Visitor: 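Just dropping this structure here.
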Amino acid sequence: MSDFLSTDSGLAYLAPRDRASNPAWIDTGYRSTGRRGPREKLVTVPPLATVVPAPDFSDIVVTETDADLTRNGRVNGQPLGERIIVAGRVLDEDGRPVGGTVIELWQANAAGRYRHPVDDHDAPLDPNFLGVGRCRTDAEGRYRFVTIRPGSYPWRNHPNAWRPAHLHFALFGRHFADRLVTQMYFPGDPLLGLDPIFLSVPEHARNRLIARFDLDLTVEGYALGYAFDFVLRGPAATPWESA
Amino acid sequence: MARANRLGQTPTQTVGPYFAIGLAPHRISLPFTPLATEEIATDEAEGERLVLTGHVFDGDGVPVSDALIEARQRDARGSWKSGPGFRGYGRAATDQNGTFLFRSVKPAPACDGEAPHLWLIVQARGLLGPLITRVHFADEAERNERDPIFLAAPPARRATLLAHSIGPGRYRFDIRLQGEHETVFFDL
């Protein structure tokens, strides 16, 4: 029976999520985890539970403008702020490229304000900036966004709390369970050492969330380039390596 | 344990309170075409209509008004493949009352040892990663009792995986992130 189910989606079993490199559900620094993070142990499942395919977006057209946040929200001019390029690859743990996957991006504007009804930070909205973009990786797993460097902004977690500048990303690998929603940070940001969300990641894995300034990605006279790779899970070794 | 010589997996972070900008722009009237909506299947899809609705609650029983639920299911013939009116994937954001709603068709199981079900991924501000659970139908008790993934849950907690009929083609499935009757989340 499990053989039937595992071949029905054409997928190999998925390697486990590396819990040691991920945040705990309850984090004493990040206040709202206290009443929202589960306290029961996650339930172990048979490996056939991993072979659910990720959603198929192959019919959805993703344009170059979708990946250029300095253009996709224009009303009467360019958005304000520092233009940047963020590019890299989506790989699995074995270094294999994940091609044809859709990456979704959302972010605050240069002033640190989100175009969202819940954001009441007293900083200006930019009429020419939505703060949303989308890109599909090529066969080598490469992606590239053009956007505006987001500003820092205050939040109510603790006194004088400020989020470091960050971009939100969401993507799938080949498997539904290989869901990655994360945040990318910028090198040298003095707020990183003070941010409970960034610090929720175990220390050895934190640098995986910080982009690298890259002169090769930088376009002369136009925008600084930042390199950032996503590493998803890979196929499990023998049927289920953590079993 | 991670195998040697592997690249380190990118850690997860919270989806935050503003995820609608990127993942459900239609919910805040942002002029950007959504990649997916509450419609797992449209009226065009073959099968029995299904509306799946419910609430998300925190550990104090307070509705979570900023949760994102993603759903994945087989079609009415038991296939994962997209077809006319059917993507088998949807996204719903909870409203002020912590309510979410999906429109779909009832999924068929792939084989005898499987019960009809939908997979859900739950994310929210205050959740530092994706929580994965599964919706089974309370009126499919016999099939549920043969489904190895349903049976993986401790017997006393299995009821948290059951959606209950609230009308023709309508089912209710509540999600409790924490506390008494905490929903079963799988290590996936």
Side-chain angles (χ1 to χ4, degrees), chain A residues 1 4-5 8-9 17-18 21-23 25 27 32-33 35-40 42-46 49-50 52-53 55-57 60 91 93-95 102 104-106 114-119 130-132 134 168 170 176-177 179-183 197 200-201 205 208-209 230-231 233 237, chain B residues 1-3 6-23 25 28 30-32 35-36 58-60 62 64 66 72 80-82 87-89 110-111 113-114 119 121 123-132 148-149 152-154 177-178 182 184-188:
Chain A
M1 179 194 68
F4 172 74
L5 285 177
D8 132 67
S9 64
R17 200 177 283 278
D18 177 13
S21 296
N22 273 285
W25 296 112
D27 185 282
S32 51
T33 62
R35 301 314 282 152
R36 292 188 167 192
R39 292 183 186 268
E40 298 277 358
L42 298 183
V43 170
T44 305
V45 274
T50 68
V52 176
D56 177 8
F57 298 124
I60 290 181
L91 304 166
E93 296 176 87
D94 295 321
V102 175
E104 295 173 279
L105 160 64
W106 70 101
Y114 286 91
R115 189 127 158 195
H116 190 290
V118 166
D119 187 359
L130 296 173
V132 53
R134 188 179 296 157
H168 295 265
F176 186 60
R179 184 60 160 146
L180 178 62
V181 173
T182 195
Q183 299 181 28
I197 295 181
S200 71
V201 175
R208 299 178 199 169
L209 295 183
F230 298 93
V231 179
R233 293 148 72 181
Chain B
M1 289 297 293
R3 284 204 293 265
R6 284 192 141 185
L7 299 173
Q9 291 174 17
T10 305
T12 61
Q13 294 273 268
T14 180
V15 75
Y18 309 121
F19 65 80
I21 297 170
L23 303 179
I28 53 170
L30 207 65
F32 196 75
L35 191 61
D58 74 7
D60 292 324
V62 174
V64 175
D66 51 8
R72 186 80 175 99
W80 289 116
K81 289 200 168 52
S82 295
R87 192 176 298 282
Y89 171 76
C111 65
E114 185 178 290
W119 286 98
I121 296 180
Q123 301 191 77
R125 172 178 64 84
L127 283 178
L128 283 159
L131 288 172
I132 304 184
I149 294 168
L177 299 178
Q178 196 190 82
E182 181 181 307
V184 164
F185 299 110
F186 294 108
D187 189 9
L188 275 170

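All values reported here derive from a predicted model rather than from experimental measurement.
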Visitor: Considering only heavy atoms, which portion of B:I21 lies under 4.5 Å from any heavy atom of chain A: side chain, backbone, both, or neither?
Guide: both

Visitor: Of all of A:A49, A:S21, A:G95, which one pairs up most often with chain B through heavy atoms under 4.5 Å apart?
Guide: A:A49

Visitor: Are any of the side-chain nitrogens in A:R36 or B:D60 under 4.0 Å away from the carboxylate oxygens of its partner?
Guide: no

Visitor: So, the side chain of A:Q183 versus the backbone of B:Q13: is there a donor-acceptor pair under 3.5 Å, distance only?
Guide: no

Visitor: Would you say the side chain of A:W106 lies within less than 4.5 Å of the side chain of B:V15, judging by non-hydrogen atoms?
Guide: yes

Visitor: What's the separation between atom OG1 in B:T10 and atom CZ in A:R233, rounded to the nearest 0.5 Å?
Guide: 12.5 Å

Visitor: Could you tell me if the side chain of B:I149 sits less than 4.5 Å from the side chain of A:P46, heavy atoms only?
Guide: yes

Visitor: With sequence neighbours excluded, tell me which residues meet ring-ring contact (aromatic ring centres under 6.0 Å, His included) with B:F185.
Guide: none

Visitor: Taking ring-ring contact (aromatic ring centres under 6.0 Å, His included) as the test, write out the residues that go with A:F57, two or more places apart.
Guide: B:Y89

Visitor: Do you know the tightest heavy-atom contact between A:T44 and B:A152?
Guide: O-CB, 3.6 Å

Visitor: Using a 4.5 angstrom heavy-atom cutoff, name the option from B:L35, B:L177, B:L128 with the most pairs to chain A.
Guide: B:L35

Visitor: Taking all non-hydrogen atoms of both residues, which atom of A:W25 and which atom of B:G129 are closest, and how far apart?
Guide: CZ3-O, 3.4 Å

Visitor: Quick one: what part of B:V62 sits under 4.5 Å from any heavy atom of chain A, side chain, backbone, both or neither?
Guide: neither

Visitor: Output yes when a side-chain donor or acceptor of A:R208 lies under 3.5 Å from a complementary backbone atom of B:Q9, and no otherwise.
Guide: yes

Visitor: Provide the closest heavy-atom pair for B:P17 versus A:H116 in the form atom of the first, atom of the second, distance.
Guide: O-NE2, 3.7 Å

Visitor: Apply side-chain contact (heavy atoms from CB on, under 4.5 Å) to residues A:L91 and B:L7 and explain how you reach the verdict.
Guide: CA-CA 9 Å; A:L91 304 166; B:L7 299 173; 3.9 Å; yes

Visitor: For the atom pair CZ (B:F32) and CD (A:E104), what is the distance rounded to the nearest 0.5 Å?
Guide: 8.5 Å

Visitor: What part of A:L209 is in contact with chain B, defined as an atom under 4.5 angstrom from a non-hydrogen atom: side chain, backbone, both or neither?
Guide: side chain

Visitor: Establish, from distance only, whether the side-chain atoms of A:N22 and B:T12 form a donor-acceptor pair under 3.5 Å.
Guide: yes

Visitor: Are the side chains of B:F19 and A:V181 in touch, meaning some heavy atoms are under 4.5 Å apart?
Guide: no

Visitor: Quick check for you: among B:V184, B:L127, B:L23, which has the greatest number of heavy-atom pairs under 4.5 Å with chain A?
Guide: B:L23

Visitor: Do the charged groups of A:D56 and B:R87 touch, with an N to O distance under 4.0 Å?
Guide: no

Visitor: Answer with yes or no whether the side chains of B:Q178 and A:R35 bring together a donor and an acceptor at under 3.5 Å.
Guide: yes

Visitor: Could you look at A:I60 and say if it's the side chain, the backbone, both or neither that has a heavy atom under 4.5 Å from chain B?
Guide: side chain

Visitor: State, to 0.1 Å, how close A:P117 and B:I28 come at their nearest heavy-atom pair, and which atoms those are.
Guide: CD-CG2, 3.7 Å

Visitor: Could you go through the side-chain contact (heavy atoms from CB on, under 4.5 Å) check for B:L188 and A:R17 one step at a time?
Guide: CA-CA 7 Å; B:L188 275 170; A:R17 200 177 283 278; over 6 Å; no

Visitor: So which of A:V102, A:V52, A:V201 has the biggest tally of heavy-atom pairs under 4.5 Å with chain B?
Guide: A:V52

Visitor: Looking only at heavy atoms, which two atoms of B:R125 and A:S32 are closest? And how far apart?
Guide: NH1-CB, 3.6 Å

Visitor: State the CG-CZ distance between A:L42 and B:F186, to the nearest 0.5 angstrom.
Guide: 10.0 Å

Visitor: Side chain, backbone, both or neither: which part of B:P31 has a non-hydrogen atom closer than 4.5 Å to chain A?
Guide: both

Visitor: Below 4.5 Å from any heavy atom of chain B, which atoms of A:A170 appear? Answer side chain, backbone, both or neither.
Guide: side chain

Visitor: Side-chain contact, heavy-atom cut-off 4.5 Å: B:D187 with A:V45?
Guide: no

